[in-house]
Amino acid sequence: MNEPKSERIYFAYGPTTLYACQYDQRFSYYAYVPKSYSEGKGHRYSLAVVVHGTERAAATYRDEFADFSEETNTIIVAPLFPAGITEPRELSSYKFVDFGGIRFDLILLAMIDEVCGTYGLADKRFLLHGFSGGGHFVHRFYYLHPEKLLGVSIGAPGFITYLDETRPWYAGISDFEQRFGMRLPIEEMRRVPVQMVIGGEDLETWEINQKDSPLWLEGLDAYGQTRIERLRGLLDNYQNNGIDVRYDEVPGVSHEGIKILEPVKAFFKDALAARSLEGDVSSCNPN
């Protein structure tokens with residue numbers, strides 16, 4: 001039988017409520033904390049972040065990883081980036097990491113700090129997956145913070161930032177240093193396990209080829225019209241830059257994020273196993 005939790009965390013294990021991020025309370029996050037969690041026992045826990053798409057189904061993605069959480073002693077964080085943040089009814093600002101004066105990557109890192117502080121995780125590195133709009137976010141986050149990641153799983157983004165020195169952000173990286181005040185950390189990126197994952201029938205093009213959209217940039221369709229073509233283009237792009245990639249194309253699946261999660265969980269397990277072999281797994285030491 002699990003020992004009683006303190007009042008401080010009594011309602012913060014299993015599937016948690018939605019917590020406002022203290023760094024910026026416009027944003028919030030769900031979590032799933034393994035039922036084995038107990039203060040002061042020296043249990044070892046990992047951390048995984050799952051980023052929603054345009055539909056904002058953060059709680060659904062959190063719940064889909066509950067089994068993974070229990071099996072691997074991994075705390076799941078599912079951030080919620082509401083629509084309409086930078087202007088009324090806008091849907092996509094978070095996908096581009098830096099948009100409308102907001103650094104969404106820093107907001108996520110603040111959430112991670114909160115969770116690690118609450119549950120006593122000494123190692124703040126984490127696994128990261130996002131599908132569709134979440135796939136937009138996670139691969140751009142990877143360019144900025146590879147040292148924070150145990151592995152990154154890029155799921156079916158439509159607008160992709162290629163490692164292309166001839167095009168500006170967010171179609172390429174020609175102005176990356178000017179925009180972010182740092183050089184692209186390519187050596188650190190090469191050390192992070194990378195997965196690309198997509199449904200084998202993900203062939204819809206209407207949403208990702210609207211050239212009259214204010215979000216459209218020249219070069220976003222340089223590798224093709226479909227998400228599959230563009231993701232395969234990113235695969236070649238990464239490999240040409242010395243980044244190893246595990247590529248999973250799930251047969252019979254269209255643009256359906258829930259249906260590609262099994263290979264994501266398998267990738268996460270492999271990344272955790274590799275870290276365990278290095279003897280680098282965080283202990284839980286709550287304050």
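Heads up: numbering here begins at 1 and tracks the sequence.
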Quiz item: Side chain of Glu229, backbone of Thr226: donor and acceptor closer than 3.5 Å?
Solution: yes
Quiz item: What's the verdict on side chain to side chain contact (heavy atoms under 4.5 Å, CB included) for Ile85 and Arg26, showing C-alpha distance, side-chain angles and the deciding distance?
Solution: CA-CA 8 Å; Ile85 288 293; Arg26 293 175 295 177; 4.2 Å; yes
Exercise. Kindly compute the distance separating CG (Asn73) from CG (Leu47), expressed to the nearest 0.5 Å.
Key: 13.0 Å
Quiz item: Of all heavy-atom pairs between Gly224 and Arg230, which one has the smallest distance, and what is that distance?
Solution: O-NE, 2.8 Å
Quiz prompt | Any donor-acceptor N/O pair, Glu256 side chain to Ser254 backbone, under 3.5 Å | solution = yes
Quiz item: Should Ile75 and Ser46 count as side-chain neighbours, where that means a heavy-atom distance under 4.5 Å?
Solution: no
Quiz item: Any side-chain heavy atom of Thr60 within less than 4.5 Å of one from Ile258?
Solution: yes
Exercise. Search all heavy atoms of Thr205 against all heavy atoms of Gln225 and return the closest pair with its distance.
Key: CG2-O, 3.6 Å
Quiz prompt | Residue among Val197, Asp202, Ile198 satisfying side chain to side chain contact (heavy atoms under 4.5 Å, CB included) with Glu249 | solution = Ile198
Quiz item: Are Tyr23 and Leu18 co-members of a hydrophobic cluster defined by side-chain heavy atoms under 4.5 Å apart?
Solution: no
Practice problem: Please say whether more than 12 non-hydrogen atoms of neighbouring residues, nucleotides or ligands are located less than 6.0 Å from CG in Asp236. | Solution: yes
Practice problem: Walk me through it: do Phe104 and Phe99 pass the test ring-ring contact (aromatic ring centres under 6.0 Å, His included)? | Solution: CA-CA 8 Å; Phe104 293 89; Phe99 195 96; 7.7 Å; no
Practice problem: Determine whether the side chains of Glu70 and Tyr32 contain a donor N or O and an acceptor N or O closer than 3.5 Å. | Solution: yes
Exercise. Apply the test salt bridge (Lys or Arg N to Asp or Glu O under 4.0 Å) to residues Glu262 and Lys265: give CA-CA distance (whole Å), side-chain angles for both, the deciding distance (0.1 Å), then the verdict.
Key: CA-CA 5 Å; Glu262 287 310 310; Lys265 293 174 185 178; 3.6 Å; yes
Quiz item: Are the side chain of Arg62 and the backbone of Ile76 linked by a donor-acceptor contact shorter than 3.5 Å?
Solution: no
Practice problem: Could you go through the side chain to side chain donor-acceptor pair (under 3.5 Å) check for Thr16 and Tyr29 one step at a time? | Solution: CA-CA 9 Å; Thr16 76; Tyr29 59 90; over 6 Å; no
Practice problem: May I ask whether Leu91 and Leu217 are part of the same hydrophobic cluster, defined by side-chain heavy atoms of I, L, V, M, F, W, Y residues being less than 4.5 angstrom apart, directly or through others? | Solution: no
Quiz item: Would a 4.5 Å heavy-atom cut-off, applied to side chains only, mark Ile107 and Ile102 as touching?
Solution: yes
Self-check item: Reference residue Ile154; test side chain to side chain contact (heavy atoms under 4.5 Å, CB included); the match among Val194, Ile160, Leu128, Val245
Solution: Val194
Self-check item: Side-chain heavy-atom pair Tyr30, Thr17 within 4.5 angstrom cut-off
Solution: no
Quiz item: Is the Phe96 ring parallel, tilted or perpendicular to the Tyr170 ring (thresholds 30°, 60°)?
Solution: tilted
Practice problem: Indicate whether any N or O donor in one side chain lies under 3.5 Å from an N or O acceptor in the other, for Lys95 and Thr54. | Solution: yes
Quiz item: Ser69 side chain to Thr74 main-chain N or O, any donor-acceptor pair under 3.5 Å?
Solution: yes
Quiz item: Between Phe27 and Tyr94, is the ring centre distance below 6.0 Å?
Solution: no
Quiz item: Are Leu109 and Val77 co-members of a hydrophobic cluster defined by side-chain heavy atoms under 4.5 Å apart?
Solution: yes
Self-check item: Full working for ring-ring contact (aromatic ring centres under 6.0 Å, His included) between Phe176 and Tyr143
Solution: CA-CA 10 Å; Phe176 184 91; Tyr143 297 172; 7.1 Å; no
Quiz prompt | Residues Glu147 and Lys124 bridged, charged N to O under 4.0 Å | solution = no
Quiz item: In terms of side-chain geometry, is the basic nitrogen of Glu71 or Lys269 positioned less than 4.0 Å from the acidic oxygen of its partner?
Solution: yes
Quiz item: Does a sphere of radius 6.0 Å around CD in Gln25 hold more than 12 heavy atoms from other residues, nucleotides or ligands, not counting ones at 6.0 Å or beyond?
Solution: yes
Self-check item: Same apolar cluster (I L V M F W Y, side chains within < 4.5 Å links), Phe131/Leu80
Solution: no
Exercise. Would you mind checking if Asp244 and Arg191 are paired as a salt bridge, meaning a charged N to carboxylate O distance below 4.0 Å?
Key: no
Exercise. Report the C-alpha distance between Gln195 and Tyr247 in whole Å, list the side-chain angles of each, state the deciding distance to 0.1 Å, and finish with yes or no for side chain to side chain donor-acceptor pair (under 3.5 Å).
Key: CA-CA 6 Å; Gln195 178 190 45; Tyr247 183 83; over 6 Å; no
Practice problem: Considering non-hydrogen atoms only, spot the tightest contact between Val138 and Gly130 and give its length. | Solution: CG1-N, 3.6 Å
Exercise. Give a yes or no on whether Leu234 and Leu184 share a hydrophobic cluster (residues Ile, Leu, Val, Met, Phe, Trp, Tyr; joining criterion: side-chain heavy atoms under 4.5 Å apart).
Key: yes
Exercise. Anything under 30° is parallel, anything over 60° is perpendicular, the rest tilted; go ahead and classify Phe65 against Phe268.
Key: tilted
Quiz item: Which atom pair, heavy atoms only, marks the closest approach of Asp98 to Arg179?
Solution: OD2-NE, 3.3 Å
Quiz item: Do the charged groups of Arg246 and Asp270 touch, with an N to O distance under 4.0 Å?
Solution: yes
Exercise. Over all heavy atoms of both residues, which pair between Gly172 and Thr161 is shortest? Give the atoms and the distance, please.
Key: O-CG2, 3.6 Å
Exercise. Quick one: closest heavy-atom pair of Leu127 and Ala271, and the distance?
Key: CD2-CB, 3.7 Å
Quiz item: Does some side-chain heavy atom of Val97 sit less than 4.5 Å from a side-chain heavy atom of Leu144?
Solution: yes
Exercise. Please tell me if the side chains of Pro263 and Val250 come closer than 4.5 Å, counting only heavy atoms from C-beta onward.
Key: yes
Quiz item: Given the rule in the side chain to side chain contact (heavy atoms under 4.5 Å, CB included) test, do Phe126 and Leu150 qualify, once you have shown the distances and angles that lead to the verdict?
Solution: CA-CA 5 Å; Phe126 53 93; Leu150 295 172; 5.6 Å; no
Practice problem: Show the numbers, then the answer: is there a salt bridge (Lys or Arg N to Asp or Glu O under 4.0 Å) between Lys211 and Asp221? | Solution: CA-CA 10 Å; Lys211 295 190 178 182; Asp221 59 349; 3.1 Å; yes
Quiz prompt | Polar side-chain atom of Arg89 near backbone of Gly84 as donor-acceptor pair, under 3.5 Å | solution = no
Quiz item: Can the ring centroids of Phe267 and His129 be said to lie less than 6.0 angstrom from one another?
Solution: no
Quiz item: Do any N or O atoms from the side chain of Ser132 and from the backbone of Gly134 form a donor-acceptor pair under 3.5 angstrom?
Solution: no
Exercise. Answer yes or no: is there a side-chain heavy-atom contact under 4.5 Å between Tyr13 and Pro34?
Key: no
Quiz item: Is the His136 ring parallel, tilted or perpendicular to the His139 ring (thresholds 30°, 60°)?
Solution: perpendicular
Quiz item: Does the Asp175 side chain pair with the main chain of Trp169, one donor and one acceptor, at a distance under 3.5 Å?
Solution: yes
Self-check item: Whether over 12 other heavy atoms sit under 6.0 Å from Gln210 CD
Solution: yes
Quiz item: Is a side-chain N or O of Arg190 found less than 3.5 angstrom from the main chain of Asn241, in a donor-acceptor match?
Solution: yes
Quiz item: Heavy atoms, side chains only, cut-off 4.5 Å: are Ile208 and Arg227 in contact?
Solution: yes
Quiz item: So, do Tyr37 and Tyr119 have ring centers that fall under 6.0 Å from each other?
Solution: yes
Quiz prompt | Residues Asp105 and Arg140 bridged, charged N to O under 4.0 Å | solution = no
Practice problem: Spell out, as yes or no, whether a donor-acceptor pair under 3.5 Å connects the side chain of Ser174 to the backbone of Arg167. | Solution: yes
Quiz prompt | Exam field: side chain Glu90 to backbone Ser93, donor-acceptor pair closer than 3.5 Å | solution = yes
